[in-house]
Amino acid sequence: MKRLILAAVAVISVSSAFSKELEFKGNLLWGGNIVQEDYDSKSDEMVKKFGKNYLLGDVILSTEKFSVGGKIYYRIAAMEKSEDLSQRMEIKRAFLRVRPMGNELLEISGGKLYSYYLPGNFFQVSETYTGASRWGESGVGAKSEWNGWTFGLSLPVGETSKKIETETRTEEFFAMNGAIGYDFSHLDSAYPFKLNGTAGFRKTKKEGEPDYDQIFAASLYYTPKMDGFVNKMYAALTYSYNAKPFVANTGLSPLINKDDSDLALCHIISLNYRSYFGPVHFTFEGEIGKSIDGNKIPVYGATQFLVPFTEVLAIKPRFMYHSSINLDDGDDTRTSWELYPRLWITPNKNWNISLGADFVKKQISRDDWKWEWSVPFYVEYKIK
């Protein structure tokens, strides 16, 4: 698949070298942590680390009929000094999209973690997809938009289901996702609603009888035209069944849980809201659920403000809350609070500079809490 993506880049580049139709956009980012202090559960001590920094490129090259994109992460230096944790490169996403007729009537995509998801359900603060809203995963998929309708079908090829992420590799795997939606503003601009749904089927077999798994999500998406003090409003409400909550994602969530296996499958309600209050941009995103097995309640919430002082200087504070509540065993409940105040500098429309301090209060046991902190930064260049 990686060779396919690289070949597609070459073909598009050569065939469109002198074409005005070629569009190249994305962003390049240099970021890291100047210093951070974390709790090490193995040694039960606070550990201070220095000097992590990395490069991240996220680009899309497209013409009327073809798009190819990728996100590449390159770690320049890790905070640990061991050789295996120093420089490394990872392809986070790589995809190819083809629009045979040059419009949205038919679009075919394939690659690693290409993005087909229910509208409104990408959480911008945590940079993740809520619930079961992502129906285009690693594999191949097709989407069609016509007369207000959206139809989609995808065939994931790896262990990307919300259940299988927590398991070891299976001997057999088959998955299929479908999506359908309608944009009511197509009837009249007075109806700024979209209604979308997805359903997924998984068949896996590790040992013995096959295991069958279904996922489902439905979303209502609302974008009214507002030009007053409150403007550019954007809201989405989603219900997901058999989905993995954000707090159970060990790569993103700061929770320390003894056992989060019950959180692998949940009913989840998600809310995503953004708008401007005068010059201030406000974001809220959150989800709450109930485990299908066991009696656990996953909770995630985040708010973020962008408050400009001048055209160049602003503050962009963020607050996040994570919790895994065990209604049967209070000793297994875990919670974390995070506050991330930072400066936001925009010398021009192409550059963003973020510098702040991130503080996390993390529950280690029922009565024991630890403070973690870091000084993250990044410099971003937007390619337009």
Side-chain angles (χ1 to χ4, degrees), residues 29-56 73-90 92 125-128 165-168 244-264 291 294 296-304 316-343 354-378:
L29 185 146
W30 172 52
N33 270 325
I34 298 173
V35 60
Q36 74 179 52
E37 187 174 51
D38 292 334
Y39 171 70
D40 185 349
S41 58
K42 294 181 179 179
S43 63
D44 193 28
E45 295 179 349
M46 302 301 295
V47 179
K48 191 173 292 186
K49 305 172 185 177
F50 299 89
K52 175 185 177 181
N53 65 102
Y54 60 88
L55 295 174
L56 184 67
Y73 170 89
Y74 178 71
R75 184 171 60 199
I76 301 172
M79 293 188 143
E80 295 85 355
K81 300 303 181 182
S82 58
E83 182 178 350
D84 60 327
L85 291 174
S86 57
Q87 295 185 4
R88 71 179 179 91
M89 185 174 69
E90 181 181 352
K92 297 286 189 179
V125 177
S126 57
E127 298 184 350
T128 189
E165 282 180 2
T166 62
E167 299 179 351
T168 56
K244 184 175 182 178
F246 178 73
V247 296
N249 189 322
T250 56
L252 298 174
S253 171
L255 292 185
I256 295 180
N257 277 341
K258 297 177 183 176
D259 179 13
D260 64 357
S261 60
D262 289 344
L263 289 175
S291 61
K296 289 188 177 181
I297 306 294
V299 183
Y300 161 72
T303 59
Q304 181 171 271
K316 198 174 183 179
R318 181 178 77 190
F319 173 78
M320 302 178 77
Y321 171 83
H322 306 80
S323 186
S324 170
I325 303 168
N326 192 328
L327 299 178
D328 296 327
D329 182 5
D331 289 338
D332 193 45
T333 294
R334 295 292 182 269
T335 298
S336 74
W337 307 80
E338 180 178 358
L339 178 63
Y340 180 22
R342 56 175 166 160
L343 289 175
S354 172
L355 179 62
D358 194 5
F359 303 94
V360 180
K361 187 178 182 182
K362 183 180 297 185
Q363 187 176 17
I364 306 304
S365 65
R366 182 166 189 160
D367 301 315
D368 190 13
W369 295 75
K370 300 292 184 181
W371 278 100
E372 298 181 340
W373 60 272
S374 62
V375 183
F377 73 93
Y378 68 80

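Worth knowing before you read on, the calculation uses all heavy atoms, side chains too, and leaves out hydrogens, waters and symmetry mates.
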Checklist line | Minimum heavy-atom distance Gly51-Ala77, with the two atoms named | finding: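 Taking Gly51 first and Ala77 second, the nearest heavy atoms are O-CB, 3.8 Å.
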Next item on the list: Would you mind checking if Arg318 and Glu338 are paired as a salt bridge, meaning a charged N to carboxylate O distance below 4.0 Å?
Entry: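 Answer for the salt bridge query: yes.
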Margin query: Taking the side chain as everything from C-beta on, heavy atoms only, tell me whether Asp38 gets closer than 4.5 Å to Val47.
Written below: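 In short, these two side chains do not touch, never coming nearer than 4.5 Å.
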Notebook entry, point to check: CG of Leu56 to NZ of Lys92: how many Å apart, nearest 0.5 Å?
Noted result: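 Nearest 0.5 Å value for the CG-NZ distance: 8.0 Å.
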Next item on the list: Determine the minimum heavy-atom distance between Ser336 and Lys362, stating which atoms define it.
Entry: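 For Ser336 versus Lys362, the nearest heavy atoms are CB-CA, 4.3 Å.
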Margin query: Between Ser324 and Arg334, do the side chains contain a donor N or O and an acceptor N or O under 3.5 Å apart?
Written below: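 No.
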Next item on the list: Provide the closest heavy-atom pair for Thr333 versus Gln363 in the form atom of the first, atom of the second, distance.
Entry: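 Closest approach of Thr333 to Gln363: O-OE1, 3.5 Å.
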Margin query: If I take atom CE from residue Met89 and atom CG from residue Leu55, how far apart are they, to the nearest 0.5 angstrom?
Written below: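 The distance works out to 11.5 Å.
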Notebook entry, point to check: Between Lys296 and Asp332, is the closest basic N to carboxylate O distance under 4.0 Å?
Noted result: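 Salt bridge between Asp332 and Lys296, a charged N being under 4.0 Å from a carboxylate O: yes.
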Item checked: Close side-chain approach of Ile297 to Leu327, heavy-atom, < 4.5 Å ->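 When only atoms from C-beta onward are counted, Leu327 and Ile297 do touch, with a gap below 4.5 Å.
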Margin query: I'd like to know if the side chain of Arg342 reaches the main chain of Lys316, judged simply by a donor and an acceptor atom lying under 3.5 Å from each other, with no hydrogens or angles considered.
Written below: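 Between the backbone of Lys316 and the side chain of Arg342 there is a qualifying donor-acceptor contact (under 3.5 Å).
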Next item on the list: State the CH2-CG distance between Trp373 and Asn33, to the nearest 0.5 angstrom.
Entry: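 It is 9.5 Å, given to the nearest 0.5 Å.
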Check: Taking all atoms of both residues into account, what is the closest heavy-atom pair of Ser323 and Thr335, and its distance?
Finding: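 So the minimum-distance heavy-atom pair works out to OG-OG1, 3.0 Å.
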Margin query: So that I can tick it off, tell me whether Lys370 and Glu372 are bridged by a salt bridge, with the cut-off set at under 4.0 angstrom between side-chain N and carboxylate O.
Written below: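 Salt bridge flag = no for Lys370 with Glu372.
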Check: Considering all heavy atoms of both residues, which atom of Ser354 and which atom of Tyr340 are nearest to each other, and what is their separation?
Finding: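 Taking Ser354 first and Tyr340 second, the nearest heavy atoms are OG-OH, 3.7 Å.
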Note to self: Distance check, rounded to the nearest 0.5 Å: Tyr39 atom OH versus Glu45 atom CD?
What the structure shows: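 If I round to the nearest 0.5 Å, the distance is 9.5 Å.
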Checklist line | Tyr73 side, atom OH; Tyr54 side, atom OH - distance, nearest 0.5 Å | finding: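 If I round to the nearest 0.5 Å, the distance is 7.0 Å.
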Margin query: Please find the pair of heavy atoms, one from Ser374 and one from Gln36, that lie closest to each other, and give the distance.
Written below: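 The answer is CB-CB, 3.3 Å.
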Next item on the list: Flag the pair Tyr321 / Val299 as yes when at least one side-chain heavy-atom distance between them is below 4.5 Å, and no otherwise.
Entry: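 They are in contact (side-chain heavy atoms under 4.5 Å apart), so the answer is yes.
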Item checked: Min side-chain heavy-atom separation His322-Phe246 under 4.5 Å ->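 Yes; the side chains approach each other to less than 4.5 Å.
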Note to self: Ring-plane angle category for Trp30 and Phe377, please: parallel below 30°, perpendicular beyond 60°, tilted otherwise.
What the structure shows: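 Judged by the thresholds at 30° and 60°, the geometry between Trp30 and Phe377 is perpendicular.
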Item checked: Atom pair CH2/CH2 of Trp337 and Trp369 - distance to nearest 0.5 Å ->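 Atom-to-atom, Trp337:CH2 and Trp369:CH2 are 7.5 Å apart.
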